[in-house]
Amino acid sequence: MTLQLYNTLTRKKELFVPINNEHIRMYVCGPTVYDDIHIGNARPLVIFDVLFRLLKNTNRESDITYVRNITDVDDKIIQRAEENNESISDLTNRNILRFQEAALELCCLKPTIEPRATDHISQMINLIKVLIEKGHAYVTDDGEVLFSVLSMPNYGRLSGRNRDEMILGARIEVSSNKRDPADFILWKPSTPNQPGWDSVWGRGRPGWHVECSAMSEEYLGPNFDIHGGGVDLVFPHHENEIAQSECFHPNIPFVKTWIHNGYVMSEGEKMSKSLGNFYTVSDLLKEFPGEALRLALLATHYRQPLDFSKDGTKEAISRLDKYYLALKVLEDDLDQKELISSNIADDFGSSLLDDLNTPAALTVLDKQSSAIINDSSRDNRAQLGQAFIQNANLLGLLCNGSAYWHKRNTTEAEQTNIDQMIKKRMIAREQRDFAEADRIRDELLLRKIILEDGPDGTIWRRGS
RNA sequence: GGCCCGGUGGCAGAGUGGUGAUGCAGAGGACUGCAAAUCCUUUAAUGCCGGUUCGAUUCCGGCCCGGGCCUCCA
């Protein structure tokens with residue numbers, strides 16, 4: 001089975017063939033750390049984590065480098081730090097930490113490298129210098145450095161637009177400094193109280209796009225296999241990255257496969273603070289397990305627009321309840337060592353390899369979990385279980401034991417209390433005092449603790 | 001205005017040129033002291049109009065509706 005990916009550059013599904021089979025390289029645009037990430041930021045985080053896992057699984061002989069950058073210099077950051085009356089580094093360090101916690105809660109693996117823009121200023125300055133030397137950039141009277149779009153004949157081919165169309169666009173703001181209205185900033189001067197670095201063009205800071213060209217060059221070289229991000233980055237961000245990198249390295253195609261995830265809506269509408277549907281990941285994590293958010297994000301194909309909702313997340317919890325029930329069945333009669341790792345196979349593999357069709361892959365997990373729960377043969381379960389767990393892990397699901405899931409967010413004291421109440425109820429049931437037994441169950445239900453009477457006694461789990 | 005994406009049952013959401021997955025919800029049943037979970041059965045959908053075809057949800061054209069981008073954006 002082979003991996004097919006939709007390439008924004010060619011607008012086709014293509015067979016994925018690495019440039020260098022021994023070293024597969026992927027770069028994904030990470031967050032600008034001016035605030036907590038919201039659920040829309042979480043989608044690429046999860047999608048490209050699945051792709052990273054899939055590449056590792058299907059290319060075991062290859063090195064795989066996954067770079068996910070952090071943008072920690074930006075006008076929004078400057079503005080927010082001013083508003084909060086705190087230093088820029090306090091703001092960015094705090095948000096980076098919170099971002100990394102969120103990524104962990106969403107069951108994302110750590111990328112190979114997570115470079116920060118401010119650690120690569122000298123590389124950016126060098127890149128800009130070369131672009132000026134080659135005639136692709138120029139310095140204005142105000143000390144800005146701008147990229148000259150006219151110097152690049154095929155500018156606009158990723159986003160499928162040409163310069164004339166853009167200039168006709170109603171929102172083009174023509175700066176007197178620009179030779180061409182479509183030119184974009186590589187370097188801009190900083191005032192004394194703005195963050196800045198010394199350069200031949202004076203003290204200033206980089207434009208938004210140049211960091212990704214500099215950092216991908218630093219860690220992946222002049223060209224690499226996959227570059228990902230949200231669809232709203234296609235233009236101008238990724239278009240401009242191509243311009244910078246390909247003018248820096250003429251005749252080397254920058255990126256082979258461009259992958260973009262669709263936009264996230266929230267509760268049927270565009271996310272906005274005034275509508276009350278603006279969800280940050282940290283707020284959602286107070287209400288839902290990260291794994292449920294992850295599943296909710298994977299339940300729609302990555303290129304489709306996704307309508308995130310709390311109801312959808314509750315559905316994801318029900319689905320995970322079943323997966324973890326299957327896992328519990330396996331844990332009860334299966335030594336984990338029996339689960340050996342193998343290459344992906346079956347419908348799960350073919351779905352995932354077909355341009356990351358995670359919704360179709362999830363239906364395979366649904367069927368596999370049912371089969372495990374219903375199969376009375378221990379040997380059959382062991383066989384089914386191996387594929388099931390491996391498949392789930394490939395999606396970054398079922399990373400915890402079943403006890404962790406069913407008893408999540410429960411303190412030890414609470415657990416003891418629940419166990420005592422279950423014991424009291426058991427005594428009441430033995431005495432046929434069902435009114436008391438039901439009262440205890442209702443009391444626990446109010447605390448979203450669901451009891452299940454089974455042949456081996458009563459177990460509990462957390463409801464939603 | 002330009003460019004791009006989508007419209008599938010009550011909701012979510014795949015696939016496919018030949019009787020439309022899966023999950024949630026609903027109905028009936030099994031199990032249970034009652035539940036829960038699970039299982040069985042079951043109701044229910046391809047925006048509109050043309051074209052190509054033996055046959056279109058799928059391909060093509062037009063229309064309607066929704067969404068995105070057009071230098072803040074994942």
Side-chain angles (χ1 to χ4, degrees), chain A residues 8 11 28-32 34 37-48 71 74-76 79 147 149 156 159-162 164-173 175 178 181-185 207-209 228-237 239-240 260-265 268-271 295-296 299-301 303-309 311-312 314-319 321-322 325-326 328-329 347 351 354 357-367 369-370 373-374 429 432-435 437-438 441-442 445 449-455 458-461 463:
Chain A
T8 308
R11 298 185 194 282
V28 175
C29 289
T32 301
Y34 67 101
I37 61 163
H38 56 69
I39 190 65
N41 303 109
R43 173 126 93 145
L45 209 57
V46 168
I47 292 298
F48 291 103
T71 301
D74 168 87
D75 286 358
K76 283 198 297 290
Q79 193 189 334
F147 185 92
V149 165
S159 54
R161 51 189 95 207
N162 63 49
D164 298 337
E165 285 165 356
M166 285 166 22
I167 292 162
L168 288 171
R171 286 206 260 158
I172 286 284
E173 184 189 321
S175 151
K178 291 183 178 181
D183 289 352
F184 59 90
I185 292 255
W208 172 39
H209 316 297
V231 69
D232 52 336
L233 292 183
V234 174
F235 189 88
H237 186 54
E239 196 69 76
N240 292 349
H260 293 97
N261 63 269
Y263 206 78
V264 177
M265 306 270 289
E269 300 189 81
K270 188 168 178 161
M271 256 198 288
L295 181 52
T300 299
H301 182 86
R303 281 194 282 120
Q304 293 287 105
L306 165 66
D307 185 12
F308 179 85
S309 69
D311 282 347
K314 286 175 188 161
E315 265 191 42
I317 289 177
S318 310
R319 217 163 178 180
D321 277 337
K322 186 156 178 184
L325 176 64
K328 185 174 189 309
V329 168
D347 294 344
S351 296
D354 180 13
N357 192 340
T358 53
L362 284 168
T363 69
V364 178
L365 287 188
D366 291 332
K367 289 175 187 165
S369 58
S370 283
I373 291 164
N374 291 310
R429 288 178 72 208
R432 315 284 297 171
D433 183 358
F434 294 122
D438 290 348
R441 183 173 50 211
D442 291 345
L445 192 60
I449 305 295
I450 296 167
L451 299 186
E452 294 180 14
D453 298 327
T458 300
I459 57 168
W460 66 273
R461 67 188 166 85

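Numbers restart at 1 for each chain; the letters A, B, ... are given by sequence-line order, proteins then strands.
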Colleague: Applying a 4.0 Å non-hydrogen cut-off, can you work out what A/I450 is touching in the nucleic acid: base, sugar-phosphate, or nothing?
Modeller: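 Here A/I450 touches the backbone only, sparing every base.
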Colleague: Return no unless some side-chain N or O of A/S351 is found under 4.0 Å from OP1 or OP2 of B/rA14.
Modeller: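 Checking B/rA14 against A/S351, no side-chain N or O comes under 4.0 Å of OP1 or OP2.
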Colleague: Contact class for A/E239 (heavy atom, under 4.0 Å): base, sugar-phosphate, or nothing?
Modeller: nothing
Colleague: Do we count A/F434 as stacking onto B/rG33 if the rule is ring centres under 5.5 Å and planes under 30°?
Modeller: yes
Colleague: Taking 4.0 Å as the cut-off, does a side-chain nitrogen or oxygen of A/T300 come that near to OP1 or OP2 on B/rG13?
Modeller: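 Yes, A/T300 has a side-chain N/O under 4.0 Å of OP1/OP2 on B/rG13.
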Colleague: Is there, by distance only and without an angle test, a donor paired with an acceptor across the side chain of A/D453 and the base of B/rC34 below 3.5 Å?
Modeller: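 Such a pair exists between side chain and base.
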Colleague: Between C1' on B/rU32 and CG on A/L451, what's the gap in Å once rounded to a whole number?
Modeller: 14 Å
Colleague: Is any side-chain N or O of A/W208 closer than 4.0 Å to OP1 or OP2 of B/rC73?
Modeller: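 So the side chain of A/W208 is within the cut-off, an N or O lying under 4.0 Å from OP1 or OP2 of B/rC73.
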Colleague: Quick one: which of B/rA74, B/rU38, B/rG13 gets closest to the side chain of A/C29?
Modeller: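 The listed nucleotide nearest to A/C29's side chain is B/rA74.
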Colleague: Salt bridge check, A/K367 against A/D347: does any charged N sit closer than 4.0 Å to a carboxylate O?
Modeller: no
Colleague: Using OP1 and OP2 only, check whether a side-chain N or O of A/K322 sits under 4.0 Å from B/rC39.
Modeller: yes
Colleague: Classify A/R303 by what it touches in the nucleic acid, base, sugar-phosphate, or nothing, heavy-atom distance under 4.0 Å.
Modeller: nothing
Colleague: Could you go step by step and tell me if A/S309 and A/K314 meet the side chain to side chain donor-acceptor pair (under 3.5 Å) rule?
Modeller: CA-CA 9 Å; A/S309 69; A/K314 286 175 188 161; over 6 Å; no
Colleague: Using purine N1 to pyrimidine N3 plus N6-O4 or O6-N4 for Watson-Crick, or N1-O2 and O6-N3 for G-U wobble, both under 3.5 Å, which nucleotide pairs with B/rU46?
Modeller: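 Check on B/rU46: unpaired, no WC or wobble geometry under 3.5 Å.
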Colleague: So does A/N374 get a side-chain nitrogen or oxygen closer than 4.0 Å to the phosphate oxygens (OP1/OP2) of B/rC39?
Modeller: yes
Colleague: Rounded to the Å, how far apart are A/Y263 OH and B/rG67 P?
Modeller: 12 Å
Colleague: What's the CG-P distance between A/D366 and B/rA21, to the nearest Å?
Modeller: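 Atom-to-atom, A/D366 to B/rA21, this comes out as 15 Å.
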Colleague: Toward the 5' end of RNA chain B, which comes first, A/M265 or A/H237, by nearest nucleotide?
Modeller: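 Per heavy-atom nearest nucleotide, the more 5' residue is A/M265.
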Colleague: Can you check the distance between B/rC48 and B/rG10, where both ends of the measurement are the P atom (answer in whole Å)?
Modeller: 14 Å
Colleague: Which nucleotide, in any strand shown, forms a Watson-Crick or G-U wobble pair with B/rG6, with both distances under 3.5 Å?
Modeller: B/rC65
Colleague: Return the value, rounded to whole Å, for the distance between atom CG of A/D347 and atom C1' of B/rU22.
Modeller: 12 Å
Colleague: Salt bridge or not for A/D366 and A/R319, using N-O below 4.0 Å?
Modeller: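 Judged by the 4.0 Å cut-off on N to carboxylate O distance, A/D366 and A/R319 do form a salt bridge.
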Colleague: Let me know the distance between CG of A/D307 and P of B/rG68, rounded to the nearest Å.
Modeller: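 Computing the A/D307:CG to B/rG68:P distance gives 12 Å.
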Colleague: Counting side-chain heavy atoms from CB outward, which of B/rA14, B/rA36, B/rC69 is closest to A/E452?
Modeller: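 In terms of side-chain proximity for A/E452, the closest of B/rA14, B/rA36, B/rC69 is B/rA36.
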Colleague: Which nucleotide, in any strand shown, forms a Watson-Crick or G-U wobble pair with B/rA14, with both distances under 3.5 Å?
Modeller: none
Colleague: Look through every strand shown and name the nucleotide pairing with B/rG1 as Watson-Crick or G-U wobble, where both distances are under 3.5 Å.
Modeller: B/rC70
Colleague: If you go through the side-chain atoms of A/R43, does one of them form a donor-acceptor pair with the base of B/rA74 closer than 3.5 Å?
Modeller: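 Side chain to base: no pair below 3.5 Å.
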Colleague: So which nucleotide does B/rC59 pair with, by the Watson-Crick or G-U wobble rule with both distances under 3.5 Å?
Modeller: B/rG51
Colleague: Over all strands shown, is A/G312 touching base, sugar-phosphate only, or nothing at heavy-atom distances under 4.0 angstrom?
Modeller: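 A/G312: no heavy atom of the nucleic acid under 4.0 Å.
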Colleague: Step by step, would you call A/T458 with A/D453 a side chain to side chain donor-acceptor pair (under 3.5 Å)?
Modeller: CA-CA 4 Å; A/T458 300; A/D453 298 327; 2.8 Å; yes
Colleague: Between the side-chain atoms of A/Q304 and the base atoms of B/rG6, is any donor-acceptor pair under 3.5 Å?
Modeller: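 Flag unset: no donor-acceptor pair detected.
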Colleague: Rounded to whole Å, how long is the line connecting atom CD1 of A/I373 with atom P of B/rA37?
Modeller: 12 Å
Colleague: Mind checking if A/V264 touches a base, just sugar-phosphate, or nothing, with heavy atoms under 4.0 Å?
Modeller: base
Colleague: Over 60° means perpendicular and under 30° means parallel, so tell me whether A/F184 and A/F147 are parallel, tilted or perpendicular.
Modeller: parallel
Colleague: Counting any heavy atom closer than 4.0 Å, what does A/S309 reach on the DNA or RNA strands: base, sugar-phosphate only, or nothing?
Modeller: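 Nothing, no nucleic acid heavy atom in range.
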Colleague: Look at A/K270 and B/rG67 and indicate whether a side-chain polar atom (N or O) is within less than 4.0 Å of OP1 or OP2.
Modeller: no
Colleague: Could you check whether A/I37 gets within reach of a base, just the sugar-phosphate, or nothing at all, counting any heavy atom under 4.0 Å?
Modeller: nothing
Colleague: Considering every strand shown, what is the Watson-Crick or G-U wobble mate of B/rU32 when both distances are under 3.5 Å?
Modeller: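 For B/rU32, the partner nucleotide comes out as none, under the 3.5 Å rule.
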Colleague: Can you tell me the Watson-Crick or wobble partner of B/rA27, both distances under 3.5 angstrom?
Modeller: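 Partner of B/rA27: B/rU41.
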Colleague: Give a yes/no on whether any side-chain N or O of A/S370 is located under 4.0 angstrom from OP1 or OP2 of B/rC39.
Modeller: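 So the side-chain polar atoms of A/S370 do come within 4.0 Å of the phosphate oxygens OP1 or OP2 of B/rC39, strictly under.
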Colleague: Between B/rG15 and A/N357, is there an OP1 or OP2 to side-chain N/O distance shorter than 4.0 Å?
Modeller: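 A/N357 to B/rG15 OP1/OP2: side-chain N or O found under 4.0 Å.
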